[in-house]
Amino acid sequence: MSATHTPRSPRAVSRPNRQAAAHRLALLESMLRVRRFEERCVELYSAARIRGFMHLYIGEEAVAVGVNQMLTADDAVVSTYREHGHALARGIPAESIMAEMFGKVTGCSRGRGGSMHLFDAGRRFYGGNAIVGGGLPLAAGLALADRMSGRDRVTCCFFGDGAFAEGEFHETANLAALWGLPLLLVCENNLYAMGTALARHQAQTDLALRAAGYGMVSWAVDGMDVCAVEDAARKAAEGVRAGSGPHFLEMRTYRFRAHSMYDADRYRDKDEIEHWKERDPVEGLARRLRETKELTDRARAAMEARLAAEIDRAVEAADGAPEEPVEDLLKYVTSPDVSRP
């Protein structure tokens, strides 16, 4: 799967064994792309070549990759501030994202958004939203527009367990169920809202059970298993397309890194982190593919080499890209006055 792949049609899901094996290898490469891209971003951030806030997705790759398999190019994706993985899995090129991280005009948001505000209207990727839960009402609006226009589309909204506590979630869930919106709500429950453990901010920690209270089809998924994520996303997307209203998936996952690059990460026990790393979604799939003889050492090395070259090109392109001219800084800030000749 290349960095500029087109999201798959959810209807093309039955594959012969050879196709299925190739698909599993593509899932591995897509997750590795996210992992290696972010690892390079850590190096660049430490060298002060990337600035501002940056939230890493390392450990959660199975969610972005698995869900995006079941979305078409016509569907919409609304993301969070931890969105590098979502953007890459959606097919936004690494060069476009890296240029955005560098604040260059060739970035997907013209260098104005940085890490937390990736945006690509052509690929129907509507943020990157820095406000916790801020993407939820936007996703409801996109889904409402599609329903009113009679378009066969799904709007997929990613958000974290911290956003579940926000009013935006409950308002969106209620209206989406009430109006039967074609909305797929994907809660990435990584057990921590910044530094606050789930059990310290939610009396009922079964989020899928709580979401079901709004009349939505809801269930929990092993978010560390990309195949389980893909299967759940397929069923949910099919349900949404069939007109059965919004669906909610609680992806039980874990971030291996701190909340952000500024976070000292003193609120988690190190043994807990190591325990979750034993369930690494990338290496877990690689191990299974080795056991079934679908992945060899040579194939893994070739995969790593392709991704290293891709990310090298992205960094080189970002380095050489221009910054936005000072005289253009107010451009796009306000709409033009069309009443004037």
Side-chain angles (χ1 to χ4, degrees), residues 1 5 7-8 10 23-24 26-38 55-71 75-92 97 118 125-129 132-133 135-136 139 154-164 169 183-193 198 207-208 211 218-237 240 247-257 259 273 276-286 288:
M1 187 181 297
H5 74 277
R8 297 174 181 273
H23 177 64
R24 286 188 286 269
L27 291 176
L28 176 62
E29 184 161 348
S30 190
M31 287 195 294
L32 267 173
R33 174 176 291 107
V34 177
R35 179 72 59 88
R36 300 298 179 246
F37 180 91
E38 291 209 309
H55 305 79
L56 300 173
Y57 199 64
I58 292 173
E60 302 183 30
E61 295 91 347
V63 178
V65 171
V67 170
N68 271 281
Q69 297 301 306
M70 293 300 107
L71 301 177
D75 294 333
V77 174
V78 180
S79 186
T80 70
Y81 50 73
R82 196 182 306 279
E83 88 276 35
H84 309 151
H86 304 148
L88 287 165
R90 183 61 179 171
I92 302 177
I97 298 173
L118 305 179
F125 187 84
Y126 299 110
N129 291 276
V132 174
L136 284 155
V154 170
T155 295
C156 175
C157 184
F158 292 96
F159 57 100
D161 56 285
F164 196 98
F169 168 74
L183 184 62
L184 174 56
L185 296 169
V186 179
C187 179
E188 296 179 310
N189 179 7
N190 60 27
L191 302 181
Y192 290 90
L198 180 67
L207 303 185
S218 309
W219 70 96
V221 184
D222 181 359
M224 305 303 276
D225 182 341
V226 68
C227 296
V229 170
E230 182 182 25
D231 184 58
R234 177 188 303 117
K235 293 173 183 175
V240 173
H247 283 52
F248 177 96
L249 297 177
E250 179 193 347
M251 297 294 178
R252 294 178 177 174
T253 185
Y254 197 81
R255 53 175 167 80
F256 296 165
R257 302 292 296 247
H259 168 71
I273 300 172
W276 278 92
K277 283 185 176 180
E278 292 174 4
R279 300 186 56 212
D280 187 322
V282 177
E283 297 307 325
L285 179 60
R288 285 155 53 190

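These numbers were taken from a predicted model, which means no experiment stands behind them.
- Side-chain contact between Tyr81 and Val132 is present, with at least one heavy-atom pair separated by less than 4.5 Å.
- Between Thr155 and Ala139, the shortest heavy-atom distance links the atoms CG2-O, 3.6 Å.
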- [ ] Show your reasoning for whether side-chain contact (heavy atoms from CB on, under 4.5 Å) applies to Val34 and Val282.
- [x] CA-CA 10 Å; Val34 177; Val282 177; over 6 Å; no
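- Annotation for His84 and His55: closest pair CE1-O, 3.7 Å, computed over non-hydrogen atoms.
- The side-chain heavy atoms of Ile273 and Tyr254, taken from C-beta on, include a pair separated by under 4.5 Å.
- Closest non-hydrogen pair, Asn68 versus Ala89, comes out as ND2-CB, 3.6 Å.
- For the atom pair Thr80 OG1 and Glu188 CD, the distance stands at 6.0 Å (nearest 0.5 Å).
- At least one side-chain heavy atom of Arg90 sits less than 4.5 Å from a side-chain heavy atom of Leu71.
- Across all their heavy atoms, Asn129 and Ser79 have their closest contact at ND2-O, 3.2 Å.
- Between Glu61 and the options Arg35, Arg82, Arg255, a salt bridge (Lys or Arg N to Asp or Glu O under 4.0 Å) holds for only Arg35.
- Residues passing the salt bridge (Lys or Arg N to Asp or Glu O under 4.0 Å) test with Arg36 are Glu39, Glu304, sequence neighbours excluded.
- Annotation: side chain of Cys156 is not in contact with side chain of Asp75 (no heavy-atom distance under 4.5 Å).
- Partners of Arg24 under the salt bridge (Lys or Arg N to Asp or Glu O under 4.0 Å) rule, at least two apart in sequence or in another chain, are Glu294.
- Rounding to the nearest 0.5 Å gives a distance of 10.5 Å between CG of Asp225 and CE of Met251.
- Residues Pro281 and Ala62 come closest through the heavy atom pair CB-CB, 3.7 Å.
- Contact annotation: the side chain of Asn189 never approaches that of Phe164 to less than 4.5 Å [non-hydrogen atoms, C-beta and beyond].
- Using bins of under 30°, 30° to 60° and over 60° for the plane-to-plane angle, the ring pair His86/Phe158 lands in the parallel bin.
- Note: Leu56 CG to Phe37 CZ = 10.5 Å, rounded to the nearest 0.5 Å.
- Between the Glu60 side chain and the Asn190 main chain, no donor and acceptor come within less than 3.5 Å of each other.
- Side-chain atoms of Leu183 and Val240, non-hydrogen and from C-beta on, never get closer than 4.5 Å to each other.
- Taken from CG in Asp280 to CG in Leu285, the straight-line distance is 10.5 Å, to the nearest 0.5 Å.
- Of all heavy-atom pairs spanning Leu184 and Ala236, the tightest one is CD1-CB, 3.6 Å.
- Residues satisfying the salt bridge (Lys or Arg N to Asp or Glu O under 4.0 Å) test with Asp231, not counting sequence neighbours, are Arg234, Lys235.
- Between Phe248 and Phe169, the ring planes lie perpendicular to each other; the angle is over 60°, past the 30° to 60° tilted range.
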TODO: Determine, stepwise, if the pair Asp161 / Leu191 fulfils side-chain contact (heavy atoms from CB on, under 4.5 Å).
DONE: CA-CA 7 Å; Asp161 56 285; Leu191 302 181; 5.9 Å; no
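- Looking at Tyr57, its side chain does come within 3.5 Å of a backbone N or O of Ala64 through a donor-acceptor pair.
- A 4.5 Å side-chain heavy-atom check between Trp219 and His247 finds at least one atom pair inside the cut-off.
- No side-chain donor-acceptor contact under 3.5 Å links Gln69 to the backbone of Glu230.
- Side-chain atoms of Ile92 and Glu83, non-hydrogen and from C-beta on, never get closer than 4.5 Å to each other.
- A distance of 3.5 Å separates CG of Leu88 from CD1 of Ile97, quoted to the nearest 0.5 Å.
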